[in-house]
Amino acid sequence: MKRILILIPLILLSACATKKPVVASVAPGQKFNQLALTPQMGWNSWNKFAEKVNEQLIRETADAMVASGMKDAGFQYVNIDDCWQGQRDAQGFIQPDPKKFPSGMKALADYVHAKGLKLGIYSDVGYKTCGGRPASRGHEFQDAQTYARWGMDYLKYDWCNAEGLKAEGAYTTMRDALYAAGRPILFSLCEWGDNKPWLWATNVGHSWRTTGDIYNCFDCKIDHKTWYQWGVLQIIDKQEGLRKYAGPGHWNDPDMLEVGNGMAVNEDRAHFSMWCMLAAPLISGNDLRHMSKETLGILTNKEVIAVDQDALGVEGFKYSGNSTNSANDGVDIWFKPLSHDAWAMCVLNRGTNLQPVTFNWKNETVTDDLSKRAARFDTTTYKIRDLWAKKDLGTTTETLTAEVPGHDVLMLRLNKM
Ligand code: GLA
């Protein structure tokens, strides 16, 4: 009898290993819980290459992620965005575009894994992706199974062509499909904040986009008639009120990075700093094979990255400065509580003119109701570290005076003495 009992699961298991889609009797869903305990770090093809993605680019990007030192700095996921898809086969299984990915996805995953990195893929809730390729509607379980079989580690799941779908249901279906497929795949919701995913996605995905797409500019809004793209400042302002929803395993995602894609170095630095203050996923979006010294210096500043990756997992907040959407000509001061009673502080110059900054610590008390933390500078002294200059600046017993160039930041770490 015992033997029969052992055999039945084995038969079931071997049936699962064949190419048949599994649709029946899925256990009540959940997400994989041990992923993205700090915000995910990696690269994605879209911001720089859009539909021009292929296996050579992915291989070379994986090579560059290791050779450049980005892997050492914590970057791990190499993510293929839209337009990798070919057609579905006769049984409905999605195939990669044979011209772009002639060796197939399994071989690509093996290559990326051999470098100690992880591979990610992209799909969409509709019948077609934003780029018009076949998407997952009606094929969710089959696609999740295919991604797992290929060895994927990450799925970005988009929201184009979603007519008739409810966001929570559509994303929960794919979460359940991924869970049923059995491979821990980080699930990145790309729903642009349209249906307030922060209210319902804590147990659905590991991150959710909070806004429409980023545009490669510091302060702008691009009108595409039916949709907008947003500059760095505009995206920062849209995060207001959302920090309480983020935490280990479920992050607000203000979109992928534009560092190295054409903004000025100071703007890239401010963009990267603020994404770290926001505990955002750090998904680089530039050509890793050809980076300037400055771009690489920004992307691999480990002390700045440590602010993003801090184990406390609490998003920063604006302590003082402009109210949302006011004229972009002043400084905002942000604080982020860190583990070991430390804090990060970021002075963001929103305007284009150099701004003098004076901060008399003794007159300031920073309190955070969310983390129940307070920095009482009148009674507690902190050592100050300038994270971009990479030097110590004394302590909070002396008034801080600095000048912050336009569209730049002063980013500090305060360690309790
Ligand atoms: C949407 C997403 C982008 C990108 C494109 C691909 O616009 O928000 O990040 O994935 O689709 O078509």
Side-chain angles (χ1 to χ4, degrees), residues 35-49 53 55-81 108-120 153-154 186 188 207 214 216 232 251 253 255-311 336 338 344 346 385-392 408-409 411-413:
L35 298 174
L37 297 181
T38 62
Q40 63 265 33
M41 294 176 65
W43 173 90
N44 172 292
S45 54
W46 185 256
N47 282 356
K48 175 75 183 173
F49 299 97
V53 61
E55 66 179 39
Q56 191 185 347
L57 172 67
I58 299 302
R59 284 209 183 95
E60 291 176 2
T61 298
D63 295 348
M65 194 178 270
V66 176
S68 64
M70 281 184 66
K71 180 184 174 210
D72 283 346
F75 291 85
Q76 186 183 25
Y77 292 97
V78 179
N79 292 345
I80 305 165
D81 206 278
L108 192 55
D110 289 346
Y111 184 90
V112 171
H113 290 156
K115 307 230 142 215
L117 299 170
K118 294 180 182 293
L119 186 62
D153 305 294
Y154 192 113
L186 191 155
S188 154
S207 64
I214 194 169
N216 187 24
V232 167
W251 305 103
D253 175 6
D255 205 1
M256 305 175 292
L257 296 165
E258 290 282 12
V259 174
N261 279 343
M263 278 188 282
V265 173
N266 49 303
E267 295 177 331
D268 276 352
R269 181 167 45 235
H271 168 31
F272 192 73
S273 302
M274 285 306 300
W275 262 232
C276 292
M277 292 300 286
L278 291 167
L282 296 178
I283 305 295
S284 53
N286 57 315
D287 187 345
L288 301 193
R289 302 164 306 175
H290 309 288
M291 285 188 275
S292 69
K293 205 168 86 257
E294 290 78 13
T295 295
L296 184 61
I298 291 170
L299 290 173
T300 57
N301 185 324
K302 292 186 185 174
E303 292 181 85
V304 174
I305 291 171
V307 171
D308 181 79
Q309 296 289 301
D310 187 83
K336 181 180 193 283
L338 305 176
C346 189
R385 173 85 173 160
D386 182 331
L387 301 186
W388 287 111
K390 300 185 182 171
K391 61 176 200 211
D392 297 331
D408 207 340
V409 288
M411 189 160 174
L412 307 174
R413 184 185 178 101

Under the criterion side-chain hydrogen bond (donor to acceptor under 3.5 Å, both in side chains), I'd like the reasoning laid out for Y154 against N44: C-alpha separation, chi angles, the key distance, then a yes or no.
CA-CA 11 Å; Y154 192 113; N44 172 292; over 6 Å; no
Run the side-chain contact (heavy atoms from CB on, under 4.5 Å) check on V265 and I298 step by step: do they pass?
CA-CA 9 Å; V265 173; I298 291 170; 4.2 Å; yes
Decide yes or no on side-chain contact (heavy atoms from CB on, under 4.5 Å) for M291 and M70, but give the supporting numbers first.
CA-CA 11 Å; M291 285 188 275; M70 281 184 66; 3.8 Å; yes
Stepwise side-chain contact (heavy atoms from CB on, under 4.5 Å) check, W388 with V304
CA-CA 8 Å; W388 287 111; V304 174; 3.7 Å; yes
Apply side-chain hydrogen bond (donor to acceptor under 3.5 Å, both in side chains) to the pair W251 and T38, showing each step before the final yes or no.
CA-CA 9 Å; W251 305 103; T38 62; over 6 Å; no
Would you please test L278 and D308 for side-chain contact (heavy atoms from CB on, under 4.5 Å) and show each step?
CA-CA 7 Å; L278 291 167; D308 181 79; over 6 Å; no
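Atom CZ in F272 sits 5.5 Å away from atom CG in L299 (nearest 0.5 Å). Distance check: E303 CD to R413 CZ gives 8.0 Å after rounding to the nearest 0.5 Å. The distance from atom CD1 of I283 to atom CH2 of W275, rounded to the nearest 0.5 Å, is 13.0 Å. Between L412 atom CG and C346 atom SG the span is 8.5 Å, to the nearest 0.5 Å. The CE atom of M411 sits 5.5 Å away from the SG atom of C276 when rounded to the nearest 0.5 Å. To the nearest 0.5 Å, the span separating CG on D310 from CG on L338 amounts to 4.5 Å.
Between K390 and L387, the closest heavy-atom pair is CG-O, 3.8 Å. Considering all non-hydrogen atoms of both residues, A280 and P39 come closest at O-CB, 3.4 Å. Considering all non-hydrogen atoms of both residues, D255 and D253 come closest at N-OD1, 2.9 Å. Contact between D386 and A389 at its shortest, heavy atoms only, is OD1-N, 3.0 Å.
Side chain of K336 to backbone of V307: a donor-acceptor contact under 3.5 angstrom is found.
Contacts classified as salt bridge (charged side-chain N to carboxylate O under 4.0 Å, His left out) and involving residues 257-285 (residues at least two apart or in different chains) are given here: R269-D408.
When side chains are defined from C-beta on, M263 counts as touching V232, because their heavy atoms get closer than 4.5 Å. Considering only heavy atoms from C-beta on, H271 comes within 4.5 Å of I214 through its side chain. Side-chain contact between V53 and D81 is absent, with no heavy atoms from C-beta onward closer than 4.5 Å. Residues M256 and W46 are in side-chain contact: their nearest non-hydrogen atoms beyond the backbone lie under 4.5 Å apart. Taking the side chain as every heavy atom from C-beta outward, I305 and F75 approach each other to under 4.5 Å. Counting heavy atoms from C-beta outward, V259 and N286 have side chains that stay 4.5 Å or more apart. Side-chain contact check for D153 versus L186: every heavy-atom pair is 4.5 Å or farther apart. At least one side-chain heavy atom of M274 sits under 4.5 Å from a side-chain heavy atom of M277.
For the pair D392 and R385, the salt-bridge criterion is met [side-chain N within less than 4.0 Å of a carboxylate O].
More than 12 heavy atoms of other residues, nucleotides or ligands shown are found within 6.0 angstrom of CD on E60.
A donor and an acceptor atom, one from each side chain of S188 and Q40, are nowhere located under 3.5 Å apart.
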